[in-house]
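Only this structure's heavy atoms are used, side chains among them; waters, hydrogens and symmetry mates stay out. Everything quoted here is computed from the prediction, not taken from an experiment.
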Amino acid sequence: MAADAHVAELEQRLTRSGPDSVNAHLSEPAGAASMARLNRQTAACDLQAVSLTIRLARGANVQAVQAHEESLRVATGRCARFVLALALAADIPKVCASQAAWSAAQTARELRRRIADIEADKLLRGTAQGQACRVAYLDELKNTRVTMRVASPLPAARAP
């Protein structure tokens, strides 16, 4: 099945049955290959796949939603304009976050890069979604496992 046919078939399912039905199908062992394919297409910034994934990420199936959000996080690092143009305000903290597989050092580097990308992009910098994404990245950078606290200095040694 061609990439666009794959997404089109999932969109038809979505129209007929709703996001929870599609996510249930994608979470079944028989749908695992379809889920992986959709997530790869989303991560590769296929606009149709990004659009579909954003809608499916609003479903109730926790396992499927987590997989969709992870692929959207990858896409946000590659094509933030696409993702943020389609995202609702409630979606921003979920898609503007670090990927689960990143180490603390990778997370800090990547969040800083993404913040700089938003600040350098006049369009993103000027939108509510771009600013909300920047704030979400800054919040994660300052308030999560990537924060490195400076230890208090050791007391000075006393002379004998």
Quick one: closest heavy-atom pair of [X] and [Y], and the distance?
X: Ala87; Y: Ile54; answer: N-CD1, 4.0 Å
X: Tyr137; Y: Val95; answer: OH-O, 4.2 Å
X: Ala80; Y: Leu124; answer: CB-CD1, 3.8 Å
X: Leu14; Y: Pro19; answer: CD1-N, 3.3 Å
X: Ala90; Y: Pro93; answer: O-CD, 3.6 Å

Measuring from [X]:[atom1] to [Y]:[atom2], what's the distance to the nearest 0.5 Å?
X: Ile115; Y: Cys96; atom1: CD1; atom2: SG; result: 10.0 Å
X: Arg78; Y: Asp117; atom1: CZ; atom2: CG; result: 13.0 Å
X: Leu111; Y: Gln99; atom1: CG; atom2: CD; result: 10.0 Å
X: Phe82; Y: Ser51; atom1: CZ; atom2: OG; result: 11.5 Å

For the hydrophobic clusters of this structure (ILVMFWY residues joined by side-chain heavy atoms under 4.5 Å, transitively), does one cluster hold both [X] and [Y]?
X: Leu141; Y: Ile92; result: yes
X: Leu138; Y: Ile118; result: yes
X: Val65; Y: Leu38; result: no

side-chain hydrogen bond (donor to acceptor under 3.5 Å, both in side chains) against [X], all qualifying residues, sequence neighbours excluded:
X: Gln106; answer: Ser103
X: Arg58; answer: Asp91
X: Glu110; answer: Arg113, Arg114
X: Thr53; answer: Thr42

request  = Quick one: list whatever passes salt bridge (charged side-chain N to carboxylate O under 4.0 Å, His left out) with Arg73, sequence neighbours left out.
outcome  =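 Partners of Arg73 under the salt bridge (charged side-chain N to carboxylate O under 4.0 Å, His left out) test: Glu69, Glu70.
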Do the non-hydrogen side-chain atoms of Leu84 and Thr127 ever get within less than 4.5 Å of each other?
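No, their side chains stay 4.5 Å or more apart.
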| said: Between Leu26 and Leu10, is there a side-chain heavy-atom distance shorter than 4.5 Å? | reply: yes
Across all chains, not counting sequence neighbours, the side chain to side chain contact (heavy atoms under 4.5 Å, CB included) partners of Ala64 are Asn23, Ser27, Met35, Asn61, His68
### Task
Not counting sequence neighbours, which residues clear side chain to side chain contact (heavy atoms under 4.5 Å, CB included) with Gln66? List them please.
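In terms of side chain to side chain contact (heavy atoms under 4.5 Å, CB included), with neighbours along the sequence ignored, Gln66 is linked to Val62.
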Exactly one candidate in Gln41, His6, Glu11 meets side chain to side chain contact (heavy atoms under 4.5 Å, CB included) with Gln48; the answer is Glu11
May I have all residue pairs that pass salt bridge (Lys or Arg N to Asp or Glu O under 4.0 Å) and include part of [range], sequence neighbours excluded?
range: residues 93-108; result: none
range: residues 13-28; result: Glu9-Arg13
range: residues 120-129; result: Arg81-Asp121

Residue pairs passing the disulfide (SG to SG under 2.5 Å) test with at least one member in residues 25-59, sequence neighbours excluded, are Cys45-Cys79
Whether the side chain of Thr76 engages the backbone of Leu72 through a donor-acceptor N/O pair (distance < 3.5 Å, no angle test) should be reported.
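Pair found, side chain donor or acceptor close to backbone of Leu72.
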